[in-house]
Structures are given as structure tokens and as C-alpha cells.
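A note on names: the letters A, B, ... follow the listed sequences, proteins ahead of strands, and every chain is numbered from 1. Reckoned from all heavy atoms, side chains included, excluding hydrogens, waters and symmetry mates. Just so it is clear, the model here is predicted, and its values are computed rather than measured.
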Amino acid sequence: MPVQLLKIGNRKSETLLPTHLQKEDLKHLQEGFDHTNKYFQGIVVLSYPLTKLGDGTDFFKVVLQGLDNLCSRTNSINILIHGKMAEDCAKVIRHGDTFIVAGYKLAKSPTAGLDGRHGCHLELSEEAGSAIYSVAPKYVYTPLNHLKDGTVVNLYGIVKFFKPPYVSKGTDYCSVVTLVDPSNVKLTCTLFNGNLDSLPKIYKVGDIVRFHRIKIKEYNGQMQGITGVGFASLTFDGTVGAPVVPRSSSKVYTFMDEEQKTIEELRVWAASNLSISGPAAKLSGVRPMLFFDLTCQLVGKAKVDGSSFLLKVWDGTKCPYPTWKVPVEARDLEGEKVVLHQLRNLTVDVLVYDNHVQLAKSLKIGSFLRIYSIHTKQASAVDEDVSHIEFHLHGGTCYGRGIGVLPESNLDVKELKAFLESVDLADSQNMESMSSVELDSTFNNVTGMYSLFSVCCYFAVLTDHQDLNNTELKTILNSTAPQQYRIRAKLRTYKPQKLYQSIKLYCSKCNSLQEVPDGDDFDFILQGSAVTAPNPELHNTSWYDSVMWTTQDQKQRKIAIHFVKHDEMLQQPEDTLLMIEGGTLKEVWKLTKRFKCVIPVRSTEDDLELLDPSAPFLLQGNIKYYGCKQCSTPKPIKSLSSIAAEQRPSWEPTEIAQVLGIVPLQYVFIMKFTLVDATGALNVYLFDYENFFQIPASEILTNNSLQQKMQMTMNMLCPPGRKLDDLPWLECFIKSYNVRDAMTHQVYYQIFDTTVAEGVV
DNA sequence: TTAGGATTTG
């Protein structure tokens with residue numbers, strides 16, 4: 001049996017001492033007594049190094065002192081541990097810890113005369129059925145505003161700043177960590193250890209740490225933390241609702257309900273009191289002249305010179321600028337040749353300098369890294385017309401500059417891995433994914449634009465009805481509706497010119513169209529609903545768990561989050577639906593980054609309810625889902641529990657809308673195209689969810705690159721500043737239909753079954 | 001011992 005951790009106290013999740021065991025006093029540890037169901041408890045006052053006996057078995061000796069008479073030397077007893085148990089015990093035992101031993105054999109101590117300890121010793125081994133329990137000490141944690149010079153304390157803190165471990169100029173690794181806690185006091189800690197694993201495994205600002213036995217010293221008029229004997233740390237993800245799983249710097253640690261509660265409270269405090277930045281930058285989002293943290297996979301590495309080293313990395317997205325390639329000897333480049341070639345358009349070269357070289361050299365190809373504070377530098381080589389972007393990890397550790405290796409269990413790594421597996425490599429090599437800068441420069445340069453069109457042209461392709469022949473526009477204008485046609489025409493102009501204005505919300509039940517509300521409307525509704533405090537009686541039901549806290553600012557706003565459970569368990573954040581009361585727009589937005597679905601709600605006397613019908617009833621990723629005010633008849637929130645009870649709740653917006661009695665509005669593109677051919681001109685409407693542009697209308701408002709893609713498509717269909725003769729041909733299907741009222745009759749035309757695709761002239 | 005947060009200038 002390995003050494004078990006035991007907490008003496010009254011909490012339910014503790015490993016309990018078997019009930020048949022009874023405490024034995026030191027004075028009863030005598031030959032002739034029955035020790036079968038007895039245990040002895042004492043404090044470690046001395047331990048000897050682990051050794052091997054003549055027969056090769058491990059042997060470990062500790063001295064335990066009884067609790068009743070702490071001063072007397074005869075109050076201590078030798079404990080001799082053999083075999084596997086000796087090894088286990090040697091790893092965890094620390095001077096001053098309390099241990100319980102049971103199932104021991106008692107024998108006369110041959111050294112009693114010399115060491116003055118108890119006349120008998122206790123022998124333990126796994127084979128003899130012995131057990132050792134380590135009694136978790138009751139730790140006291142000092143708030144950061146109560147630290148005193150020269151003390152050794154235990155503390156919790158939220159990481160406000162950190163330098164990932166780096167090789168110091170001495171013998172150890174060093175990591176600098178600045179913490180903050182609800183007392184709003186900061187503490188910068190300088191942590192040293194020769195073993196990388198013994199330093200806190202901090203991956204991002206906002207992580208929460210628990211430090212044990214950290215030395216407090218005053219330095220430059222401020223308190224400072226520094227590692228000392230027995231320093232140990234645990235690190236946790238700081239996201240509200242994420243699983244509370246400690247990343248440990250030591251093999252054995254205590255972590256129970258009380259600690260879990262502390263972490264959850266700190267997360268909640270941090271969520272409303274600290275501004276922790278949003279999602280990390282991707283290569284597709286980099287701009288010149290900035291510093292950013294990159295989560296990526298290492299594809300290749302090479303020595304460059306004495307003070308710099310090359311890392312070739314990718315994150316599955318394409319940098320929108322031309323990137324530099326650091327020239328290295330082929331024989332110096334480590335990494336799978338085939339992979340390096342396959343990913344050549346997606347990898348970027350990061351040059352690391354000085355103190356980072358040693359760590360960079362030791363990195364394994366394929367490992368997942370977070371490179372902190374990479375500098376993107378704009379530069380141009382003598383023989384290049386356009387500038388390129390360079391990635392540098394400069395020397396030094398300012399601003400946390402450095403490299404961290406992330407384990408595969410890390411949530412960000414899991415997400416990145418899944419994304420990397422989904423990347424279509426063929427896609428990165430064709431023109432469609434030509435970086436936007438390359439395209440921009442093509443468009444800004446007339447010669448370039450024409451040359452692009454001389455080899456390729458964009459036009460609409462027909463997805464069906466291939467049997468239809470082309471009809472001239474004049475013929476269509478002279479025909480009665482309704483009919484369907486295939487046409488070949490040029491796009492002379494279109495409305496709206498500001499493409500984002502083409503997005504509307506459409507109700508398929510009452511056929512109404514409306515503008516997409518802007519963020520301010522939603523913010524206003526959220527502020528209004530925050531006036532009603534969450535009703536605690538509605539918290540923690542059979543199908544959701546609730547947390548509530550009050551902001552520390554003057555408003556003393558109460559926020560409640562209800563995490564919907566599945567099978568009585570909380571799900572992973574990426575699968576979780578949660579409901580929030582009293583949150584601000586920013587807080588709601590932050591939650592959507594981490595959790596699958598967010599539903600803003602407010603309390604009534606007997607159930608939660610949706611906010612005003614003009615607010616989104618659901619947020620998923622970047623998308624806000626709205627319901628039709630006329631057609632919806634909202635049902636109580638508890639109707640959601642029926643989806644939560646499904647075997648695999650998928651949290652589809654349509655399904656959520658249905659159970660909540662909401663008729664969802666759909667995002668659509670509405671545009672007016674003026675088409676011309678040799679015979680006439682025709683105004684045609686585009687009403688489309690996603691087929692025409694191959695872009696979902698729901699995503700375009702929140703996605704810059706999709707907006708760029710749409711603009712590119714329109715520039716292809718209707719190149720600005722071009723004469724009519726030079727416009728590309730567009731083929732599509734249109735249908736005519738009648739709109740009548742008492743006074744008027746009009747024929748309208750609409751594009752259907754048409755998708756924009758690239759075609760060669 | 002090391003570093004003690006507060007961007008390199010390749």
C-alpha cells in the first residue's frame with residue numbers, strides 16, 4: 001500500500017482512517033501487547049537517507065515523536081521501513097510532518113542505549129500489510145496585504161505577470177511571478193530551482209497559484225517572495241467554470257474541498273476585478289510592430305550562429321503578410337523533411353536570441369510551445385519590392401519574453417491540435433488563400449489587376465437546372481411572371497456598397513425583415529436587467545449549478561452564472577451551456593469565448609426568464625441569435641432541462657429556440673444587383689443565407705477575414721473603375737415573381753441556386 | 001548564487 005494522504009477533520013472527501021484502528025500511546029508500545037488493530041501517530045523529527053540493504057531491498061529510517069510529551073527524547077521512536085514502502089515514504093516525508101503508522105511489527109531497538117529513544121522500534125513493509133498515512137497539516141494562507149518581512153508563509157494569488165522559467169546566470173532555472181489577490185495587493189516572487197518541474201507550471205496570465213512555504217523579504221521598500229526550503233506550488237486554470245485540476249510542482253500535495261472552493265472564489269473575483277486579455281493572437285492576426293504570445297507547434301529548428309537560433313513553427317493559420325525565411329544550411333535544419341515541405345506556406349521562422357538559445361536547442365520537434373512576447377518587425381531586403389515581416393524573440397526576459405513548453409493535456413493545446421488536424425494543406429497552396437496583402441497589392445496596382453484577370457476570372461456557377469438555355473434580359477423584361485431563367489450578364493453596380501449593410505435578420509414565419517441590432521442595444525438591455533438582483537432561490541437546481549458574486553466596484557453589481565449539467569455532471573467548458581444574470585456586455589462576450597453557449601437571463605419569483613425580446617436569446621461563438629418579436633411566445637427557462645437530459649446535448653440554436661418558444665431570426669444577405677447585357681438592364685435581388693458567397697451571413701459581421709473575402713468576391717464580380725466592356729461575365733439563375741397590392745402590381749427578380757466560384761476565361 | 005517585471009534595435 002502506498003503512503004496515503006489523510007486529512008484529520010470533518011470533511012467528506014477525506015481519506016479516512018480505517019475505523020477498526022485504535023490509537024496507541026507510546027507507553028503501550030511494549031512487547032507482549034497486541035498491536036494488530038493499533039496505530040501510532042507522531043511528528044517526523046529526523047529522517048535518514050534512503051539506503052539499500054545487503055539483499056538489495058530499500059530501507060528508510062525515520063524518527064517519530066509522540067504528541068503527548070514533546071520535550072522528552074524518550075518520547076521518540078525509530079521507525080524502520082523496508083522495500084517499496086521505504087521508497088514511497090522517502091519521497092514524501094518532510095521534517096515536521098505528522099504521520100500515522102499501522103500494521104507494524106514491534107521489536108527491541110538495538111540502538112536504544114545509544115540514541116536514548118524508545119526501547120522498541122517499529123518495522124513496516126508492504127509485505128507485512130503495514131500502512132502509513134500522512135496527515136495533511138492544516139495550512140494557513142496569508143492574504144497578500146498581511147505579509148511580513150522575514151516570514152515563511154503559504155499563500156494564494158492570481159498571476160498578473162510571469163516570466164516562464166529561464167536559465168539564470170547562476171546554477172538554477174528562474175521564474176518571476178507577480179501575484180495579486182482580493183486584497184488588491186501585488187507580490188512579485190522570484191523563484192529558483194535547478195529542476196524545471198519544481199517551478200510553477202504557469203501558462204498564462206490569469207492562472208491561479210498556491211504557494212507553500214514561500215519566504216517573504218523586503219526589497220526596495222516592497223515585499224518580495226523568494227523560494228526557500230520546502231517551497232511547493234500548485235497552479236490552476238483561472239477560468240470560471242473550468243475543471244479545478246492542479247498542476248503540481250511536487251509529487252505529493254494536499255488538495256481538498258476547501259482548496260477547491262478557494263480556487264473557485266478566486267476565479268470569480270478575478271473575472272469581475274481583473275482585466276485578463278481575450279483570446280491569444282494567431283498568425284493570421286499578426287500585424288507588424290507588435291509583441292504577442294504565440295501558441296504553436298514546433299516543426300523545425302536550426303542553429304544560425306552563436307547568439308541566435310531558428311525555430312520553424314505553425315499554428316494552422318496563414319500570416320497575412322509575406323514572412324521572411326532565415327537562410328540556414330540544409331544540414332543544420334532539424335525536422336521531418338516531408339512535413340517541413342508540406343507546411344512550407346504555413347510555417348513561420350522565429351529567430352530567438354541570446355539567453356533563449358539554450359532552451360530553444362533542447363526543444364523537441366512536434367512539441368507544443370507558447371512563445372511569449374514575440375516581436376513582429378517589418379523589414380525589406382535589398383532585392384525585394386515589398387516588405388516582409390520578421391519574427392524575433394529578442395534576448396532578455398523583459399515583459400515575460402521566453403519560451404514555454406505546453407503539455408498535451410493543456411486545453412489550448414487540445415484545441416490547437418484539433419485545428420491543425422483540420423487544416424487542408426492543399427488549400428494553403430492555391431491562390432484562394434493568397435495572403436490579403438498580396439491581393440491588396442494586386443488590387444492597388446492596375447497592371448497587376450489586369451494580369452490577374454487575364455488568367456482567371458470569378459463568376460457565378462449554376463448549381464442546378466443545367467438544361468436551361470440563356471435568356472436575354474430584354475426577353476425577360478417583356479415576359480410575365482413567375483418564371484425561371486438562366487442569364488449571362490455583367491454586374492454594372494450593386495447596393496449596398498458597404499457590404500456589412502447587406503446583412504439583415506429574417507423571420508421565415510412572418511416573412512419580416514429587420515436590421516441587426518448593434519452592440520449598444522444589447523448593452524442597454526443588459527444594464528437594465530442587472531438592476532434586478534439574482535434570486536438565490538433559483539440557484540443550484542437538479543439541472544444546473546450556480547455561482548454568484550458581487551463586484552467590488554461602487555455599483556456592487558450581483559452576477560450569477562448557472563452552469564447547465566448533463567447527467568448531474570458539469571461538462572467541459574467547450575460543451576457547456578450557461579446562463580448569466582447581471583453580466584455586462586464585456587463579461588458575456590468573454591464567456592462566449594470559453595463556453596459553448598451563453599444565454600442571458602434574469603430572475604423572476606419562480607423561474608429564470610429571457611431578457612427583452614430585442615436582446616439575443618443565445619450567444620454561440622461570435623454569433624448572436626435573435627428571436628422574432630411577433631412570432632415568439634417565450635416559455636419558462638426550465639424547458640431547457642429537456643435538452644440537458646438528452647444523451648449528447650448538442651445545444652443546436654434551432655433546438656434551443658424551439659424549447660424556449662422562440663421563432664429564430666435568420667441572418668441573410670439582401671443585395672440589389674444591376675445586371676446588364678447587350679439587350680437591356682435588370683435589377684435583381686439577392687436573398688441568401690450562405691450559398692451565394694459560400695459565407696454564412698450569420699458570421700460575417702464579426703469576422704474581418706470573411707468580410708474581406710466577400711469584398712474580394714464583389715471586386716471580382718464588379719471590379720471598381722472598370723469600363724463596361726472590361727467587366728467579367730456572370731452567369732446565374734433568376735426567377736421573376738409578382739408583388740401586388742390594391743393599387744400596384746410589380747414584377748421582381750431574385751437570384752437563386754447560384755454560387756460564386758472561380759472560373760477560367 | 002541566480003533576480004529583484006516594465007520590450008530589441010540582431
Identify each donor-acceptor pair in which a side-chain atom of residues 284-291 of chain A lies under 3.5 Å from a protein atom, sequence neighbours left out, and give them as a table.
none

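- Judged purely by distance below 3.5 Å, without hydrogens or angles, the side chains of A:Lys282 and A:Thr317 never pair a donor atom with an acceptor atom.
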Sugar-phosphate atoms are those with a prime plus P, OP1 and OP2; base atoms are the rest. Using that split, label each nucleotide of nucleotides 3-10 of chain B B, S or - for protein heavy atoms under 4.0 Å, 5' to 3'. BBBBBB-B
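- Partners of A:Phe368 by ring-ring contact (aromatic ring centres under 6.0 Å, His included), not counting sequence neighbours: none found.
- Looking at residues two or more places apart in sequence or on another chain, you find no salt bridge (Lys or Arg N to Asp or Glu O under 4.0 Å) involving A:Lys586.
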With a cut-off of 3.5 Å and sequence neighbours excluded, list every side-chain donor-acceptor pair involving residues 357-367 of chain A.
{"unit_1": "A:Ser362", "atom_1": "OG", "unit_2": "A:Leu359", "atom_2": "O", "d": "2.7"}
{"unit_1": "A:Ser367", "atom_1": "OG", "unit_2": "A:Lys364", "atom_2": "O", "d": "2.5"}

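- Partners of A:Phe236 under the ring-ring contact (aromatic ring centres under 6.0 Å, His included) rule, at least two apart in sequence or in another chain, are A:Phe255.
- Among the heavy atoms of the strands, none lies under 4.0 Å from A:Ser308.
- Within residues 148-157 of chain A, no residue has any heavy atom under 4.0 Å from DNA chain B.
- Residues in residues 401-414 of chain A take part in these side chain to side chain donor-acceptor pair (under 3.5 Å) pairs, two or more places apart or across chains: A:Lys204-A:Asp412, A:Arg370-A:Asp412, A:Glu408-A:Lys417.
- Screening residues 141-176 of chain A for ring pair (Phe, Tyr, Trp, His ring centres under 6.0 Å) gives A:Tyr141-A:Tyr156, A:Tyr141-A:His212, A:Phe162-A:Tyr372 as the qualifying pairs, with residues at least two apart or on separate chains.
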